[in-house]
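Please read the structure below before turning to the comments.
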Amino acid sequence: MKLLLIHADYMEYEVKEKTKFAEDYQGTGDRVEEVLVAFVSVEKGDNEDVAKKAVEEIKDVAEKVGSKRILIYPYAHLSPNLADPETAIKILKILESEIKDFEVKRAPFGWYKSFRISCKGHPLSELSREIKAEEEVTKALKDEKEIVSFWFILKPDGELVKVKEFNFEGYENLRKFAKYEMEKRRAVDTIPAHVEFMKRLELADYEGASDSGHIRYYPKGRLIKSLLERFVTQKCIEYGAMEVETPIMYDRNHPTLRRYLERFPARQYILSGDKREFFMRFAACFGQFLMLADSTISYRNLPLRIYELTRYSFRKEQRGELVGLRRLRAFTMPDMHTIVKDMEQAMEEFLKQYKLSVEVLKEIGIEPEDYEVAIRVTKDFYEQNKDFLKKIAGFLGKPILLEMWDSRFFYFVLKFEFNFVDSLDKASALSTVQIDVENAERYGIKYVDVDGEKKTPLILHCSVSGAIERVMYALLEKAKFMMDRGKLPMLPVWLSPTQVRIIPVSERFLDKAKEVAEKIEARVDVDDRDETLNKKIRDASMEWIPYIAVIGEKEVQEGKLSVTIRSESDLKEQKRVMMSIEELNERLRRDCEGKPFMPLTLPKLLSLRPSFR
RNA sequence: GCCGCCGUGGCUCAGCUGGCAGAGCGGGUGACUUGUAAUCACCAGGUCGCGGGUUCAAAUCCCGCCGGCGGCUCCA
């Protein structure tokens, strides 16, 4: 809302002609003496809160200038972004009725009027104010503050123990995670390890020219991200999901979507289109649910799974929350939704997707001991399905943090997450699956059952690995743990940008090095720079390259390569092995079995490469 | 969003009781032709995050903004 306040000797206006938005009005105008005139533009997004704040502002000014009379004068020309007429009239009426202790008059809305005003000209006689709505906070975000949680540990044998009574000995990470979830934390003053690594390895960096939480990826980072994206997508498709693609923004006032937004505890980016306002998706739910609502689905098709890799999902997280790759405002997430016909089928799928998530993370290089499991459940669901939860707890054979709610605040009754605990003891969710009991109804998703009746299914939300950026974060943080244990940090071989580096002992062996590079079946590069051997070895090590192959007189004669194997080396002692090209290829095949492969997009010769930072 | 700390060549940082903007790495040029974690020399490179203010004089002091890190809170 825009306000222009003028303290006047008098204000006189004449009502001329109707516009098409005119409210009912009889009369020809008015003249008010000794008055504070409030010219008002009601803007898009203004609501009752704005009106109330405006009331306070106007009263405040009226008191300061010592005016007993106030004239509310609708004046569209203060703003290029006007509210619709109904809202505007509503808000103006609030102003009129809520300004107490003054003599309040109001000029009619939607009429052409002429006016004459005599401004007093003292220092406070002309003021303008802008009043903005508080950023819209969804109901779910508010509710979240009210939730009462009960915390337990679910033991592998299905026994439920209160957190306070659980003996955490031997479960240090679970202790940290439980603490992280339940308590306040103390200050640490270090840059997270992965932020250091993502920059130093030229994987990714902040992009200051974008919003916070939007990242740039250099060639090596993009390669790693692509490989993870492909792998995760491949796993979901193998699991039986159909890949689709849906828009990244939606009408903010679409009734169905709006109600769902209200149920999700996240803040949205808002964008204005020509006529409508849009929000950026925070997940693929919107597009996929709308698609499913328009589909004809038979019980024979169930469980039915659709999948999308969201590049991107947007969440306008609070600024203080954003860190490196751990939490972003734009992120890439595998998002699979499964339609099932009843709770029994839902639980069956839930367990399968739980197992799938374990497998996917394991193949990526994140083992069950690297994360902690959390289960969030309503009391009712828990009481009715104890055996099922016991089965879940048994699968990994480790205790699980269980959060129980008296009533259902969200759209789901059951959810699990795998939480990675990083080098600063921070926990972040990776894989998650939820059983959604609300949205099929809300979106009008139906299936036709055996009896020919249309029925409402249940929906599972599954992010099989969690956000791809967060997977990268976890891998880098894991590398930090390797360092702390005295090992050399590295990425899994299939994700290492350069898998093999060939280093000629001197320029004489450069051609030979290039020749060898052609025969290696991996992402290979050749250090052809005019540097000492020591320098080249050091640089390759700093890049975490899994295999460094040196070639010189000896190697040429023996027809072998002298290969330094990073995973078996440490800072004190390097593991060096004489290997034939075929032996090296065989080893690489084993390292990367079942994983996608993409060539390195950087020039093969190091001398041709720019430095991105 | 709120609170605290931080912001100097491409990178890492020194300079900060106000007084000529520095180093190492990286880059360019030349020498060297190297056997497993940094070869040597020379050269180029800076609106000291941005905008105001105080002062004869500001990287240095003050205010505002932007960005980063940590905390509150929450998630993928």
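Keep in mind that what you see is a predicted model, and the values were worked out from it rather than measured. Quick note on labels: first sequence line is chain A, next is B, and so on, each numbered from 1.
Ion pairing between a basic and an acidic side chain is recognised when a charged N comes within 4.0 Å of a carboxylate O; A:E308 and A:R281 show such pairing. Using a cut-off of 4.0 Å between Lys/Arg side-chain N and Asp/Glu carboxylate O, A:R326 and A:E477 are scored as not salt-bridged.
The P atoms of B:A37 and B:G4 are separated by 48 Å, rounded to the nearest whole Å. Here, B:G46 and B:G27 have their C1' atoms 15 Å apart, quoted to the whole Å. Going from the P atom of B:U33 to that of B:U39 covers 15 Å, rounded to whole Å. The P atoms of B:G49 and B:C16 are separated by 16 Å, rounded to the nearest whole Å. Here the separation of B:C48 from B:C61, taken at their P atoms, is 15 Å to the nearest Å. Across B:A57 and B:G64, the matching P atoms stand 23 Å from one another, rounded to whole Å. Rounded to the nearest Å, the gap between the C1' atom of B:C25 and that of B:C63 is 37 Å. When the C1' atom is used for both B:G24 and B:U8, the distance is 15 Å, rounded to whole Å.
Remark: nothing in residues 221-234 of chain A comes within less than 4.0 Å of RNA chain B through any heavy atom.
Using a 4.0 Å heavy-atom cutoff across all strands shown, A:V323 reaches sugar-phosphate atoms only and no base atom. Within 4.0 Å (heavy atoms only), A:A427 reaches at least one base atom of the nucleic acid. In this structure, A:K415 reaches the sugar-phosphate backbone alone: every heavy-atom distance under 4.0 Å involves primed, P, OP1 or OP2 atoms, never a base. Using a 4.0 Å heavy-atom criterion, one finds that A:L322 contacts the sugar-phosphate atoms exclusively. In this structure, A:T332 reaches neither bases nor backbone, as no heavy-atom distance under 4.0 Å exists between it and the strands shown.
For B:C75, its base never sits under 3.5 Å from the side chain of A:R315 at any donor and acceptor pair.
With a 4.5 Å cut-off on side-chain heavy atoms, A:V244 and A:Q288 count as touching.
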Taking protein heavy atoms under 4.0 Å as touching, what does nucleotides 34-41 of chain B look like 5' to 3' if B marks base contact, S marks sugar-phosphate-only contact and - marks none? BBBBBB--

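Between A:F481 and A:F420, the angle of the ring planes lies from 30° to 60°, which puts this pair in the tilted group.
Checked against the 6.0 Å centroid criterion, the rings of A:Y260 and A:F286 qualify as a close aromatic pair.
The listed nucleotides are B:A76, B:G70, B:G68; the one nearest the side chain of A:P192 is B:G70.
The CG-C1' distance, from A:D205 to B:G67, rounds to 12 Å in whole Å. Between the CD atom of A:E321 and the P atom of B:C2 there is a distance of 13 Å, rounded to whole Å. The distance from atom CG of A:D425 to atom C1' of B:G70 is 14 Å, rounded to the nearest whole Å. The CD-P distance, from A:E317 to B:G1, rounds to 13 Å in whole Å.
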